[in-house]
Amino acid sequence: FFTEEEKKQFFSKYKQLLRHLYSFLKKEDLSKMKELMKRVVALDCYGRDKNGINGLLRNIDTALIATTEIGLKRTSVIALLLYRPVMKKIITLDEVKTTFDADVTLIISRLLKTSDLYARNTAVDSENFHKLLFSFAEDVRVILIMIADRLCLMRLGKQLKNDEDRKRLATEVSYLYAPLAHRLGLYTIKSELEDLCMKYRFPQQYAEITQKLNETEASRQEFISKFNAPIIAGLNRDNINYEISGRVKSVYSIWSKMQRKQIPFEEIYDLFAIRIVF
């Protein structure tokens, strides 16, 4: 079922997931989940997809994103892990309800509902689809799980064998999931999704901007240090409690500005920002 490397990855990620979730789980959750997963794996519900990606490993990766990067807890993660077995009719919703609770069942049924919406509607780049998805999902946790799933798949983008599949996924994410992540305040995820979309849709431009950012990194870091030094000295002198950090504009936002203003990289002057939190 696993290669040796996948086996190591799986158990490492499983332990990581438990560390983040342990205080939110009910006493019997782990044993119940193990029994169900043994059955599901034995029936090949989590077999490899057409790209050779292991389904269970991808699910654990998605669960980790949902927990560590979005903040979802017990109910959402159990629903996420059991969604595929229910969809493939290996486990019933009634069984999930009996084993766990009605809230887990509710999230799975809403995930199934949104999956059905996808099957019947291909216009993901329309505002109507956004509205329809929100009304179908009914629960923001369902949208958050879907964002986690798409981020996981985008990170695995290199493993997609068909370039058209990669571009199709990137187009869907740029029209639908990046804007949803922005609306829900997931700004770090939104930036990563946009960068990955650009990497797959416009690889040449992405590579050029990345190279130029790498070439100017040393001078940029030196400038940031010089800029910060007197501010840090003043704040320390006045015994002010603060955090100071710097960040570089994302590749996508640099490219967007270049497109919007029709200017070259060299004329983008706000490449980085300094943030001070008191």
Side-chain angles (χ1 to χ4, degrees), residues 12-13 15-17 19-21 23-24 61-73 76 140 143-145 147-157 170 173-174 177-200 202 205-261 263-278:
S12 168
K13 288 171 180 180
K15 285 174 188 171
Q16 199 181 334
L17 186 63
R19 276 199 303 275
H20 280 91
L21 277 182
S23 59
F24 300 95
D61 280 334
T62 305
L64 266 175
I65 292 169
T67 308
T68 60
E69 299 181 49
I70 296 178
L72 293 173
K73 301 302 178 193
S76 300
V140 74
I143 302 290
L144 293 170
I145 288 169
I147 289 171
D149 178 67
R150 284 303 183 274
L151 177 56
C152 177
L153 199 52
M154 289 293 282
R155 286 175 179 174
L156 294 170
V173 167
S174 66
Y177 290 100
L180 283 175
H182 181 75
R183 259 191 240 183
L184 294 168
L186 302 169
Y187 303 121
T188 305
I189 286 176
K190 172 244 185 191
S191 291
E192 186 179 351
L193 286 174
E194 286 176 339
D195 274 5
L196 288 169
C197 286
M198 186 187 167
K199 186 178 181 178
Y200 300 141
F202 308 104
Q205 293 92 323
Y206 181 87
E208 285 171 4
I209 294 171
T210 302
Q211 185 183 346
K212 286 178 179 176
L213 282 174
N214 290 337
E215 286 168 358
T216 57
E217 186 178 6
S219 60
R220 198 166 55 246
Q221 289 303 329
E222 186 183 351
F223 183 88
I224 289 172
S225 296
K226 284 181 180 176
F227 181 89
N228 285 351
I231 298 170
I232 289 170
L235 292 170
N236 289 341
R237 186 180 59 245
D238 293 338
N239 295 316
I240 293 171
N241 188 20
Y242 68 93
E243 289 175 13
I244 188 165
S245 60
R247 68 171 181 84
V248 181
K249 252 186 189 289
S250 70
V251 176
Y252 174 80
S253 62
I254 292 169
W255 178 72
S256 292
K257 192 164 190 178
M258 287 166 63
Q259 297 294 110
R260 198 168 59 250
K261 302 210 167 194
I263 53 175
F265 176 87
E266 289 68 27
E267 288 181 34
I268 302 285
Y269 299 115
D270 57 338
L271 282 177
F272 54 85
I274 307 295
R275 175 183 290 150
I276 306 169
V277 181
F278 297 101

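Predicted model only: the values in this text are computed from it and were never measured.
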To the nearest 0.5 Å, how far apart are [atom1] in [X] and [atom2] in [Y]?
X    : Y    : atom1 : atom2 : value
N228 : L235 : CG    : CG    : 10.0 Å
K257 : Y252 : NZ    : OH    : 14.5 Å
T62  : D149 : OG1   : CG    : 5.0 Å
M154 : C197 : CE    : SG    : 3.5 Å
Q16  : T67  : CD    : OG1   : 9.5 Å
R150 : I145 : CZ    : CD1   : 13.0 Å

Charged N to carboxylate O under 4.0 angstrom, R155 versus D61?
-> no

Could you tell me whether the side chains of N236 and Y242 share a donor-acceptor contact shorter than 3.5 Å?
-> yes

Verify whether one side chain among S256 and S253 offers a donor that lies under 3.5 Å from an acceptor in the other.
-> no

Is E243 atom CD crowded by more than 12 heavy atoms from other residues, nucleotides or ligands, each under 6.0 Å away?
-> no

State whether the number of non-hydrogen atoms from other residues, nucleotides or ligands found under 6.0 Å of D238 atom CG is greater than 12.
-> yes

Shortest non-hydrogen contact between [X] and [Y], atoms and distance:
X    : Y    : value
E194 : A178 : CG-CB, 4.0 Å
Y200 : A170 : CB-CB, 4.1 Å
I70  : A148 : CD1-CB, 4.0 Å

Less than 4.5 Å apart, side chain to side chain, heavy atoms only: is that true for [X] and [Y]?
X    : Y    : answer
M258 : I268 : yes
I276 : F278 : yes
V277 : R275 : yes
I274 : I244 : yes
I209 : F265 : yes
M198 : W255 : yes

Have a look at I189 and tell me which of L144, L151, L180, L184 forms a side-chain contact (heavy atoms from CB on, under 4.5 Å) with it.
-> L151

With a 3.5 Å cut-off and sequence neighbours excluded, list the donor-acceptor pairs that the side chains of residues 211-222 form with protein atoms.
residue, atom, partner, partner atom, Å
Q211, NE2, E215, OE2, 3.1
N214, ND2, T210, O, 3.3
T216, OG1, K212, O, 3.0
T216, OG1, L213, O, 3.3
T216, OG1, R220, NH1, 2.8
S219, OG, T216, O, 3.0
R220, NH1, L213, O, 3.3
R220, NH2, L213, O, 3.4
E222, OE2, K226, NZ, 3.4

Any chance you could lay out the side-chain contact (heavy atoms from CB on, under 4.5 Å) test for R19 and L17, step after step, and finish with the verdict?
-> CA-CA 5 Å; R19 276 199 303 275; L17 186 63; over 6 Å; no

Please state whether the rings of F223 and F227 are parallel, tilted or perpendicular, taking 30° and 60° as the class boundaries.
-> parallel

Go through the structure and list residues passing side-chain hydrogen bond (donor to acceptor under 3.5 Å, both in side chains) with Y177, not counting sequence neighbours.
-> Y118

